[in-house]
Structures are given as C-alpha cells and as structure tokens.
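Here the structure comes first, spelled out in structure tokens, and everything after it is commentary.
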Amino acid sequence: MDLSSLNDRQKQAVTAPLGSVLVLAGPGSGKTKTLTHRIAYLIEKRLVHPEHILALTFTNKAASEMRQRLNALLARLPGAAENVTMGTFHSVCAKIMRKEITVLGYGNDFVIFDTDDQQKAIKEISEELQLDTKRFPASLFSALISRAKNLLQLPAELNLGLESPLRERLAEVYSRYQDSLYKQNALDFDDLLMLMVKIFQNFPKILAKYQKRFTYVLVDEYQDTNPAQYALLKMLSEHRNLFVVGDDAQSIYGFRGSDIRNILSFENDFPESLVIKLEQNYRSTRTILEAAQKVIGLNPEQKPKTLWTENAEGEKITLAETEDERAEAEFVAKKIVALASGKSDEVEYVPEEQMDGYSILDRFLKARKMYGASLNSFRSRRVPQLPKKHDSLKEFCILYRTHAQSRALEEVFIESSIPYQIVGGLKFYERREIKDMLAYLRLVLNFRDLVSLKRVINEPPRGIGDKSYQVIREFILKYGNRDKEVPLKDFRADFSEIKLQPRAWQAAQDFFAMLETITETPAKFSLPELMKVMVVKIGMEKFLRDGSKQGDARWENVEELFTVAEKFRNMPWREGAQQLLEEVALLSEIDSKDEKKDAVIMMTLHSAKGLEFDNVFFVGLEEGIMPHSRSLLEPNELSEEVRLAYVGLTRARKRLFLVYARHRRIFGNFQSTQPSRFLKVLPREKLQFFGSADKTVYRSDEEGELTVEEMDY
DNA sequence: AACGCAAGTATTTTT
DNA sequence: TACTTGCGTT
Ligand SMILES: Nc1ncnc2c1ncn2[C@@H]1O[C@H](COP(=O)(O)OP(=O)(O)OP(=O)(O)O)[C@@H](O)[C@H]1O
C-alpha cells in the first residue's frame, strides 16, 4: 500500500499494531487523512475484514467523503469500501436499533422524533400536568431531558442535581414523556444512543453479536463525544481495537453533552493504548497558524501541543472594522469580487451600463423577493458587482457565530450578483408543507404518532379543532397498547364509538378512512407512487396552491420532495418511507452543501468543523457575538467560545479576513458594539488593517497579562 | 372552528 | 425584525 503521502508520525499511526490508538493533534495535521489510511491499511493487509470495521464520523457528509477517499485508496479491491460500516453515531445506532429494539417492546418500525417533535410532545404533557409554561417552558425540559439521556439516566435514575421544584417537575415530565414516546413508538435523538446502551447492558447476547461484528472501531472528532457515545465505544471495543483521532482544543459541542474528558483521559480509560501526536500542519500559512495559536493560548487548560508548518509565511491577515453589519457584508462582497475577478486589490464600483451579467431589474426583483427591498432603498445603494466571468467561488467561505448573521450578507450578495450557498438555517425539510407531507407519511406507517396527527389532522382544514383533537388523542392513548399492535382497520371499527360533535365526528372518520385506504396500498407500489396517490387523497395541491406565488412555491416544494423519493423507487413503499424518514431525521446541517454549485459558502462555525477553504471570512467578531453573550457567565462556556474561534481561524488555507462592526442591529434596534476580546491577542505585525481597526483593538498595551475572563469591557 | 389582528418575546451553537 | 401566542369576532 502506498504510504508515501504520509509523514513518519502518520505512518506510525496507520501501521500501528492492533489495539487502542489515540491520535491527538492540532488542526490541519492530517488526523482525518490518517484515519482514512488506517482503514485502508487494515483492509489491504487483511488485518480486518471490511465488514468488521465500524467508522464513526461527526456528520453524514464526512462519512460519505471518507468512503469516497477509501474507495480511491483501495482501487485494487473494488467494493471493499462499500462494506465498511460508516456513519454518525446516531445513524449507525438507528440501523442497529431497527433490528434489535423489539427486546425493549418498541416496534422496529419506530419513528425518530426531531427536536421539534420532541418539544411538541413535551408541551402536550406540560398542558396535561397544567404546568406554568412561562416558568417551565418545553424547551427547558427538552434540554434537561436531553442532558439526562446523554448521561444515560432513565426516568427512574434521574439525577441532575437540580433544585426544587424544577427537580420534581422534571421527574414527572420526563417519566411521562418517555411513556408517551413508547406509546407512539417513537425515539428521540438521544434515545438512539441511550437505549442502544441499555440494550447492550441488559442483553449480553446482543452485545456479543455486535462485538463480533465490529472487531475494529474508529472515531473521528473524538473530542466531541458524549458519555453515552463513550459507553457504547467502551462496550463495543471491549477496551481494545479502538482507533480515535481528535483535538481537545477543537471541542465545541459541550452544549450538546460532549465531554472533553473523554479525549483527555483516553490513556487511562484504555490502558496499554498508543498515543500518537501529529505536529506538522499542512493546511495553513505560517501567519494564520501563528494567529490561531495566540487565540487558543487564552485557554491555559488546553493540552499543550506543538504545531509547525513548512508552508510559506503567506499574506497578512486582514482585520477590518466596519460601521455596521451592512458595511461588513459590503466589505466581504467587495473583497470576493476583487479576488474572484483576478484583481488582488480593491475594485472600483462599476457603472450600471457597463455591468456584465444581470440587469439592475433582475437584481432588484431578486432583492425584493428575498427581503422586500423597496426601489428607492435599492437604488441608493452602490455595491460592487461580480463580473459574469469570474474564478470559481468554491474556495470562499464566510463563517459566523449565529445563523441570524447571514441575513445582511445575503442581502448584499444578491445585490452584488454573487452566488452563495447557506448551510443549515431554514432548511427544506423544515418547511411547513414538507413537514406536513412527512407527517402524513409517518401516520400512514403508524397511526399512533400523535405529534404527526396533531400536525395534519386539520391540514387542510377539516373542521377538527383543538378540542376535538384532544378527545381523539385521549382515545388513541387509551386504545389498546403497543404490545399487541392493532391494525388500522380494527382501530377504525372501534373509533366510530368516539364521542365528538357531529361535524368533527364525520371529519375524523373520513380522515382515518383515508389513512386506511393509503395504508392498504399493495407492496408492489413504490414510495413515489404512493406519495402521488396520497397528495390527491389529501387534496394537497388545491390546499397549497391558493393562487398566490408563495402557494405555487409551496407546491413546487412538494414536487421536489417527490424527486427526493425517487431514490426509493426500487423497493416497496413501506420500506422506502421508513428509509426516507430516517434519512431526513438524521440529516446533518452540512449535508445540504452542494459540491457542484459554484458559490460562496456561508455557515456557522459549528458547521465548519473539519472543513478547509483557501479564503475564510470570519465575521461578527464582537463582544456578545463572538464570544456570545450567553457564554459569558460560565468559564467553561467561555473556554468553548475560545475553541470555537480557534476552529474558525484554522479553517483557512491561504487568506484570512477578520471583520467586526461598530454597530449592529439586534432585535431590530441598533446597538453599539465592542471588538471581540479574542482580537487583542493577535500578532499586530502580522495584520493588515482596514478602517480604524488598529486603533480600536489595540487601545491599551496593558491587557497582555489578562485572562480571557478578565478581558471584558 | 376559522380567521385576523395585536402584543409580546426572542437568537447561540445541532445529531 | 420576525415569529409565535392569545384574544376577539364571525
Ligand atoms: N502528509 C501530508 N502531506 C501533505 N498533505 C497532507 C498530509 N497530511 C494531511 N495533509 C493535508 O492537510 C489537510 C488537513 O488534513 P485533515 O483534514 O486530515 O486534518 P485534520 O487534522 O483532520 O484537521 P482538523 O483537525 O481541522 O479536522 C488536508 O488537505 C490534507 O490533505
């Protein structure tokens, strides 16, 4: 096997004897690359069969990219890469659970509840218990339940050290919530991990089966694993044959239960393990690396690591101060236009009549559609224009702390005719019409799914309001139980007994009759075929296309969903629906990124984990945003902000632009802002300033000795 | 039950 | 600013 593209340390990791290995190293040192080569090596040297390898990544996208690379590395063994099990913890657990969950009493056609479904289920319980939803919002319970599950605490074992009365309320809600999930045959995200652990703990035969199946387990981004994931690894790997890579300085998912101690105590947890440190960075220029090191230096608790590079010193980092978020976006647009049209320096504004490409009318129409720009405000703005002929935009990336920051950028990019792609934020699958369609599908598979029922029983309007829904809900909850599954047909016979107002009664009977006819579709039909019948029965097109343009757009989205469903044409519709729903529920934000599209990419710092770009714009570097105001109270959270900034800076290969605004609109009104404390530690001589950034940021020299917490304003 | 309007409130970060 | 929630009217 060709190891020539690896350095000595990387080779050592790739060819290490079987046993536990930790590769602990900084950004851009080739951890992911090493992990991929390790898999290839194990397969090619016939040390482990591909089917016996389990590789866990942080996102689905990372998994599919790894599989592609592996395929290329194993060109001489075609098909081998396909046999490796790869995916996120959640998706791999979901697959295993489909086979094994019946031991817990759930059906293996369970649905996966996303955060939204989860909160709706909790809300119903809060209402049932007549809790004060101001004092105890569903989002609070949802976060706490998630925390408990990540700590592997079932309702009976709940112990989060909370104060009364929250402790008692949570215990009640959690217990009822878990019952409710069970009755609906649903698992939430955290159940996928927690219940998997519980199965392995309580059913040693099942555990043994998977220990035999996966004799070698690899984990990328190990610093962001939570206690449940840790427990899984510990059981699966029987303390051996575990290969993990990560960097404690890049742990950024603490809010989701990730525990940095997993990587810090690997050596103790897995005795006789081999720890390998990679120290050469292949990604960034020396300047970028130096700046990043300074920032992470704000966290004394991070494990010290050497990181050097043979790369050139490179260009200076640009530190720009702008007036507000609009000017910030214009600054970024201007730089991108300049760089992508081959001019390394400033561009002049192009007079309208000389503009290539789009007419001003086009741009105005787009701007109005996107954010309702008025003609006057639009004309008074002069933004640079991206020429029709320009370099590829794929190597431009804009990073921000929160999704809300993308708006100003979007507005300016539309006006500048710069194609862009936003990762995450308001997604296709979060649109109302799409969620409705998926809810119908879920109901067709499982009429006990109350969250879906509530969503669509009156969508389109059928004359079944909240009162009637509550009665139906009670009926279903009391009706039989999951242990002996009742077909919808039998349910319907009994459902005619339900006591509802005549109009609602008829509508409800019709609704379930419709579900039943869809459910009886023979298995020879595929999912796309079923869905087309389904929308007709529902009357979806008439409902959505109300004559407005938005209505047409909504219907187009449904048609787009048909296209997605085409993937599942070669299997019975039930299976297809299940796979579609699972895939949608477990999508990662970054999965939506379209590699083919030539566009500037915008995303949150969290989504950028593991990625790299030639040109990175890190915007909104202000106190309150980066670090975020919600993180300032807890030192742990502030440390995580430092790591987040470190992740952001180290995404850049060649050029890095840091931008902050003096004023920013927050909740609609302007507030003045202060530059981020993280900027103060950057090496001044490696920066190129724009605006009065130099003066504003380096106001005093005495701050050199302060800790991050002390650096506040 | 459905619709419309007004007030109030919220933004980290995601599988 | 934008979205959700609640209230009042039909
Ligand atoms: N030995 C090497 N020679 C040349 N390039 C390398 C070498 N090792 C890694 N690289 C390159 O360095 C870049 C970073 O690699 P990789 O993404 O694997 O790093 P990483 O340590 O996983 O980074 P991060 O911690 O940011 O996720 C990639 O473009 C990779 O191709």
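Here is how names work: the chains are called A, B, and so on, in the same order as the sequence lines, proteins then strands, and each is numbered from 1.
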Starting from [atom2] on [N], measure out to [atom1] on [X] and report it in whole angstrom.
| X | N | atom1 | atom2 | answer |
| --- | --- | --- | --- | --- |
| A:W505 | B:dA1 | CH2 | P | 16 Å |
| A:L140 | B:dT12 | CG | P | 13 Å |
| A:D466 | C:dT4 | CG | P | 17 Å |
| A:E325 | C:dT1 | CD | P | 11 Å |
| A:R407 | C:dT1 | CZ | C1' | 8 Å |
| A:R431 | C:dC3 | CZ | P | 12 Å |
| A:R665 | C:dA2 | CZ | C1' | 13 Å |
| A:D116 | C:dC3 | CG | P | 15 Å |

Using the [atom1] atom on both, measure [N] against [M] and round to a whole Å.
| N | M | atom1 | result |
| --- | --- | --- | --- |
| B:dT12 | C:dT5 | C1' | 23 Å |
| B:dT13 | C:dT4 | P | 16 Å |
| C:dG6 | B:dT11 | C1' | 23 Å |

Test side chain to side chain contact (heavy atoms under 4.5 Å, CB included) applied to A:T57 and A:T32, step by step: CA-CA 10 Å; A:T57 56; A:T32 305; over 6 Å; no
Pairwise distance CD(A:E634) to CG(A:L632) - rounded to 0.5 angstrom: 11.0 Å
Residue met sooner reading DNA chain B from 5', once A:F667 and A:I464 are mapped to nucleotides: A:I464
Aromatic ring proximity A:Y182/A:Y106, centre distance under 6.0 Å: yes
A:F58 and A:Y253 aromatic centres sub-6.0 Å: yes
Could I get a table of every N or O pair under 3.5 Å where one atom is in the protein and the other is in nucleotides 13-15 of chain B?
unit_1	atom_1	unit_2	atom_2	d
B:dT13	OP1	A:H403	N	2.8
B:dT13	O4'	A:R401	NH2	3.4
B:dT13	O2	A:R401	NH2	2.7
B:dT14	OP1	A:E589	OE1	3.0
B:dT14	OP1	A:T604	OG1	3.0
B:dT14	OP2	A:H403	NE2	3.3
B:dT15	OP1	A:E589	N	2.8
B:dT15	OP2	A:E589	N	3.3
B:dT15	O4'	A:R256	NH1	3.2
B:dT15	O3'	A:H90	ND1	3.4
B:dT15	O2	A:H90	NE2	3.3
B:dT15	O4	A:T115	OG1	3.2

Partners meeting side-chain hydrogen bond (donor to acceptor under 3.5 Å, both in side chains) with A:R630 (sequence neighbours left out): none
Side-chain donor-acceptor contact under 3.5 Å, A:D191 with A:Q178: yes
Touch class at under 4.0 angstrom, heavy-atom based, for A:Q501 against every strand present: nothing
Sugar-phosphate, base or nothing in reach of A:K123, heavy atoms under 4.0 Å: sugar-phosphate
By side chain to side chain contact (heavy atoms under 4.5 Å, CB included) - contacts of A:D510 (at least two apart): A:Q506
Nearest-nucleotide pick for A:P461, side chain only, options being C:dT1, B:dA2, B:dT11: B:dA2
Side chain of A:H628 (C-beta onward), nearest among B:dA10, C:dT5, B:dT12: B:dT12
